[in-house]
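The basis for the numbers below is simple: all heavy atoms, side chains too, and nothing from hydrogens, waters or symmetry mates. Chain identifiers are assigned alphabetically (A, B, ...) following the order of the sequence lines, protein sequences preceding nucleic acid strands; residue numbering begins at 1 within each chain.
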Amino acid sequence: GAVVSQHPSWVICKSGTSVKIECRSLDFQATTMFWYRQFPKQSLMLMATSNEGSKATYEQGVEKDKFLINHASLTLSTLTVTSAHPEDSSFYICSARVGSRETQYFGPGTRLLVL
Amino acid sequence: SQKIEQNSEALNIQEGKTATLTCNYTNYSPAYLQWYRQDPGRGPVFLLLIRENEKEKRKERLKVTFDTTLKQSLFHITASQPADSATYLCALVASGGTSYGKLTFGQGTILTVHP
């Protein structure tokens, strides 16, 4: 149980285009989903927290107009990287949590390469 | 500022030995601490959680200790196997304030178990 999927697993796009990444909890309902970014040889950095039906809360330094997050249902959250640039190339990972339980379940990640 | 340090970037050990990984933190009051395993190009997988009032937790060949006086957690893998080779991440959750519930990760330790 507690499986989280992400789609796509990797994406290559041209600079200036927008990319949407989906995060789904497959066998449970996630009241909270988190989005992280991981650059090579670095650890995961939290970008934003989203609760179903509410606006996402962004971490300091993360542009909310660039990284649009939608958590429309208890099993789906999306991250849209708008007007992507090469510096946005990274590994994006989502996680999901049930209520206030302590454990987060992570997706397999999405590798984004912006040319 | 808050800091989480895993003081070995890489650890190489022989199969069958015990691997010990360290996680130190400063300027932090964690409610609990978690250890994750991350394989290359994949999302983290939850291993163990230990709360601030717990000294030790075990799960099969894994053992975690938590010393809030030393501000340190040790993660042990006994009878290590080549399949244990991966990056291991510690993550803290603050006990209060705006950061409650959010995971803050250390930079990870790359463990390689040689046959």
Max heavy-atom pairs within cutoff under 4.5 Å with chain A, candidates B:Gln6, B:Gln34, B:Gln38, goes to B:Gln38
Spell out, as yes or no, whether a donor-acceptor pair under 3.5 Å connects the side chain of A:Lys66 to the backbone of A:Thr82. yes
Atom pair CD/CG of A:Glu22 and A:Asn70 - distance to nearest 0.5 Å: 10.5 Å
Please work out which of the three classes, parallel, tilted or perpendicular, describes the rings of A:Phe106 and B:Tyr36, given edges at 30° and 60°. perpendicular
With only heavy atoms counted, which part of A:Gln6 is less than 4.5 Å from chain B, the side chain, the backbone, both or neither? neither
Counting heavy-atom pairs under 4.5 Å with chain B, which one of A:Gln104, A:Glu59, A:Gln42 comes out on top? A:Gln104
Testing the 3.5 Å rule here: is there a donor-acceptor pair between the side chains of B:Trp35 and B:Ser73? yes
I'd like to know if the side chain of A:His71 pairs up with that of A:Ser50 as donor and acceptor (distance under 3.5 Å, no hydrogens or angles considered). yes
B:Glu9 versus chain A, heavy atoms under 4.5 Å apart: side chain, backbone, both or neither? neither
Is a salt bridge present between B:Asp67 and B:Lys55, judged by a nitrogen-to-oxygen distance below 4.0 Å? no
Of all of A:Arg111, A:Gln38, A:Lys41, which one pairs up most often with chain B through heavy atoms under 4.5 Å apart? A:Gln38
Region of A:Leu44 in contact with chain B, defined by heavy-atom distances below 4.5 Å: both
Heavy-atom distance under 4.5 Å to chain B: side chain of A:Thr49, backbone, both or neither? side chain
